[in-house]
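In listed order, ligands and their atoms are each counted from 1. Fair warning: this is a prediction, and the values are worked out from it, not measured in the lab.
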Amino acid sequence: MKLCRFRHGDALPRVGLLTENSRYVIDLTRAGIERLDELLEEKNFLTRLAKISDDASLPRLPFAGVVLLAPVDEQEVWAVGVTYLRSKAARMKESAFSATAYDRVYDAPRPELFFKSQPQKVVGTGETVGIRRDAKWNVPEPELALVFNSRGELRGFTIGNDMSSRDIEGENLLYLPQAKIYDRACALCPWVVVGASEAAARAWTIRIRIGRAGREVFGGTTRIDRIKRPFTQLRDYLFRSQTFPRGAVLLTGTGIVPGDGFTLHRGDEIAITVPAIGTLANTVVAV
Ligand code: DO4
Ligand code: MG
C-alpha cells in the first residue's frame, strides 16, 4: 500500500491512500486521519488501512487532480553515509586529506549519521532542488529512505535525494554540514510504501537518470542489498540518546556516484526511481 500527503484545491494538506489501480487517491480525512505522522504511530495501522481501502464511502479523488507533497509533517530528515562501497571509494578519492575517515567509518560498528533537513525545508516531487552558488561540483544522491515513527518502528519506505556539494565536502571533512544542508538540498518522493519488510526492500533496485536539454547526461542503477548495514542497526544508532516525538526519516546512503567529470547544471532534470515505490522528479536551480 502507498500513502501520501497531498493538497486538493485550497484545502490544507491531507493524507491519502493510493487505490489498487493507481487511478485515485482515497482522502483519509473523513476516516479521522489528518496527519501522516499520527497515522504511523497507530499500532494496527495496516489493518486499519486495509479496511479503509475497502470503504467505498470515503472520497476518491482522481489522481490527476491532486498535488502530491513531501511525506513529512514534522519529522526531521537524517542521513547515513558511506554505506555502499561505491560511496566509500568516491569520497576517499575526492578528499584532500581525510580519506582514511571514510575507510574507517565503512568498517566501524558506529555508522556515519548526519542531520539532513528540517521538515519544512524538504521539497517534494515536481519542485526544484538546489545547487549551491559557492560550489563547483554538485551531485544528486539517490537513496532509499526509511520512515520511522516515534518508537523507532520502521513504518515505510520512500525515495530521497541527498543533494551534495562534493568540492566543499572534499576540501575538509569539517565542511560536511555545508556540503549537505542548504536550501532545497533534500527531496523526498511523495509515496510511502507501507507493509513491506526489510528483506523485501533489500530486493529492490534504485536508479537515476539526469537529463539536460532533452538528452540523458548520466544514468545509473544499483541494488538496495548492497547497503552494508542492516536497517535495524541504522535505526538503533539514530535513536540512541535521541528522541523523535514525531518520528524521523532516514536516507540510507548512495550507491550511485557519477564520474568525477560530472557536475549538475541549472535546469538539469533528475529522476530517481525505485520501481516498488515510484519516481522522485526534480529540476535543478542555483540557490
Ligand atoms: O560522508 C559523506 C556523506 C556520504 C553520503 O552522503 C553517502 O554515502 O550517501
Ligand atoms: Mg548521501
For the residue pair F239 and F244, is the inter-centroid distance of their aromatic rings smaller than 6.0 Å? yes
Quick one: hydrophobic cluster around L85, which other residues, with the 4.5 Å side-chain cut-off, linked directly or via members? V82, M92, Y102, V105, Y106, L173
Main-chain N/O of V257 paired with R86 side-chain donor or acceptor, under 3.5 Å: yes
Any donor-acceptor pair under 3.5 Å from R5 side chain to A70 backbone: yes
Could you grab the protein N, O or S atoms closer than 2.8 Å to the Mg ion (ligand 2) for me? E141 OE1, E143 OE2, D162 OD2
Using distance alone, with no hydrogens and no angle criterion, decide if K228 and T83 have a side-chain donor and acceptor under 3.5 Å apart. no
In a simple table, one pair per line, please give the protein and ligand 1 atom names for every N or O pair closer than 3.5 Å, along with the distance.
| residue | atom | partner | partner atom | Å |
| --- | --- | --- | --- | --- |
| ligand 1 | 1 (O) | E112 | OE1 | 3.0 |
| ligand 1 | 1 (O) | E112 | OE2 | 2.8 |
| ligand 1 | 6 (O) | E141 | OE1 | 2.9 |
| ligand 1 | 6 (O) | D162 | OD2 | 3.0 |
| ligand 1 | 6 (O) | K180 | NZ | 2.7 |
| ligand 1 | 8 (O) | V82 | N | 2.8 |
| ligand 1 | 8 (O) | S87 | OG | 2.6 |
| ligand 1 | 8 (O) | R91 | NH2 | 3.4 |
| ligand 1 | 9 (O) | E141 | OE1 | 3.0 |
| ligand 1 | 9 (O) | E143 | OE2 | 3.0 |
| ligand 1 | 9 (O) | T254 | N | 2.9 |

W137 meets the ring pair (Phe, Tyr, Trp, His ring centres under 6.0 Å) criterion, sequence neighbours left out, with none
Tell me, yes or no, whether the heavy-atom count around Q120 atom CD, taken from other residues, nucleotides or ligands under 6.0 Å, exceeds 12. yes
Can you tell me if T221 and T205 form a side-chain donor-acceptor pair at under 3.5 Å? no
Do V77 and I277 sit in the same hydrophobic cluster, where Ile, Leu, Val, Met, Phe, Trp and Tyr count as joined when their side-chain heavy atoms come under 4.5 Å apart? no
